[in-house]
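Residues take their numbers from the sequence shown, with the count starting at 1. Model, not experiment: these values are computed from the prediction.
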Amino acid sequence: LGHHPGDGVEVGGTHYSVVGCLCRALELDAADAQCWAQLGRHESHRVVAGEELTQQQCYARAAALAPSDDDVWLCLGYYGGGDVAGTEYTPEQCVHRCLALNPENTKAWNSLGRFGGGDVGGEAVSRKQCFERALAADATNCSAWNNLGMAGGGALNGTEFSSPQCFIA
């Protein structure tokens, strides 16, 4: 199957979209965490077993089934957090959970910086430090460069970058 909602498969003369295939797969096996996460990635109409679902709900179900999947937690945070197995998580808590599972997740560091920073593993990390950590792991992360520039600039590998330099880096 392709990655776009219009992609899909042809079976017996009937076209099935990617989202349609994912919904049907979940009707057959609602415990497939990766299938829930894949369904969350699509913005088109999602109905599983007669229930219309948001992207947030799909990621919450994936997180409940695969609580050690850092990317699922990051995506849940991106879509506003939610109820995972009876516990409500804010977007910030989802990002913290992601970083607890994978301290090298550059997108999570960038997201935490957008939330203003926070405590990670007992260490207070500022907004700027979050962007610097994202860039230390992936110096090609354009979003982190932009955010570091908006935060007034910062350091990467011992080199200081002014705010304007961050925008052209």
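Residues C130 and G117 come closest through the heavy atom pair SG-CA, 3.8 Å. Among all heavy-atom pairs drawn from E52 and Q57, the shortest one is O-OE1, 3.9 Å. What you find for D71 and D69 is that their closest heavy atoms are N-OD1, 3.1 Å. The two atoms that bring E160 and A155 nearest to each other are OE2-CB, 3.4 Å, heavy atoms only. Of all non-hydrogen atoms in V72 and A63, the two that sit nearest each other are CG1-N, 3.4 Å. Nearest heavy atom pair, residue S143 against residue N110, reads OG-ND2, 2.9 Å.
Residues that satisfy the side chain to side chain donor-acceptor pair (under 3.5 Å) test with E51, not counting sequence neighbours, are R61. Under the side chain to side chain donor-acceptor pair (under 3.5 Å) criterion, Q129 pairs with S126, sequence neighbours left out. Applying the side chain to side chain donor-acceptor pair (under 3.5 Å) rule to N141 yields no partners; only residues at least two apart in sequence or on another chain are considered. Every residue meeting the salt bridge (charged side-chain N to carboxylate O under 4.0 Å, His left out) condition with R133, not counting sequence neighbours, appears here in chain and number order: E123. For A33, the side chain to side chain contact (heavy atoms under 4.5 Å, CB included) criterion is met by L65, A66, not counting sequence neighbours. Shown here are the side chain to side chain contact (heavy atoms under 4.5 Å, CB included) partners of A136, two or more places apart in sequence or in another chain: L156. Among residues two or more places apart in sequence or in another chain, the side chain to side chain donor-acceptor pair (under 3.5 Å) test is passed with D83 by none.
How far CG of D70 is from CG of L101: 6.0 Å, rounded to the nearest 0.5 Å. Note that the OG atom of S111 and the CG atom of N147 stand 9.0 Å from one another [nearest 0.5 Å]. In this structure, CD in E132 is found 10.5 Å from CG in N157, a value given to the nearest 0.5 Å. To the nearest 0.5 Å, atom CG of residue L53 and atom SG of residue C23 are 7.5 Å apart. Atom CZ in F161 sits 9.0 Å away from atom CG in L148 (nearest 0.5 Å).
The list of ring-ring contact (aromatic ring centres under 6.0 Å, His included) pairs with a residue in residues 60-105, not counting sequence neighbours, reads Y59-Y79, W73-Y89. For the salt bridge (charged side-chain N to carboxylate O under 4.0 Å, His left out) condition, the pairs that include at least one residue of residues 27-36, sequence neighbours left out, are R24-E27. Sequence neighbours left out, not one pair with a member in residues 96-118 passes salt bridge (charged side-chain N to carboxylate O under 4.0 Å, His left out).
Within the hydrophobic cluster formed by Ile, Leu, Val, Met, Phe, Trp and Tyr side chains joined at under 4.5 Å, directly or through other members, W109 is accompanied by L74, V95, L99, L112, F115, V120, V125.
Judged purely by atom type and a 3.5 angstrom limit, Q38 has no side-chain atom pairing as donor or acceptor with the backbone of C35. The backbone N or O of A60 lies less than 3.5 Å from no partner atom in the side chain of W36, so there is not a single donor-acceptor pair. Using modelled atom types, no side-chain atom of T106 and backbone atom of A134 make a donor-acceptor pair closer than 3.5 Å. When atom types are taken as modelled, the side chain of K128 and the backbone of G153 share a donor-acceptor pair closer than 3.5 angstrom.
Residues W145 and F131 are not in side-chain contact: their nearest non-hydrogen atoms beyond the backbone lie 4.5 Å or more apart.
Linking Ile, Leu, Val, Met, Phe, Trp and Tyr residues whenever their side-chain heavy atoms come within less than 4.5 Å leaves L26 and V84 in two separate clusters.
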Q: Please test V48 against L39 for side chain to side chain contact (heavy atoms under 4.5 Å, CB included), starting from the C-alpha separation and ending with a verdict.
A: CA-CA 10 Å; V48 177; L39 186 59; 3.9 Å; yes
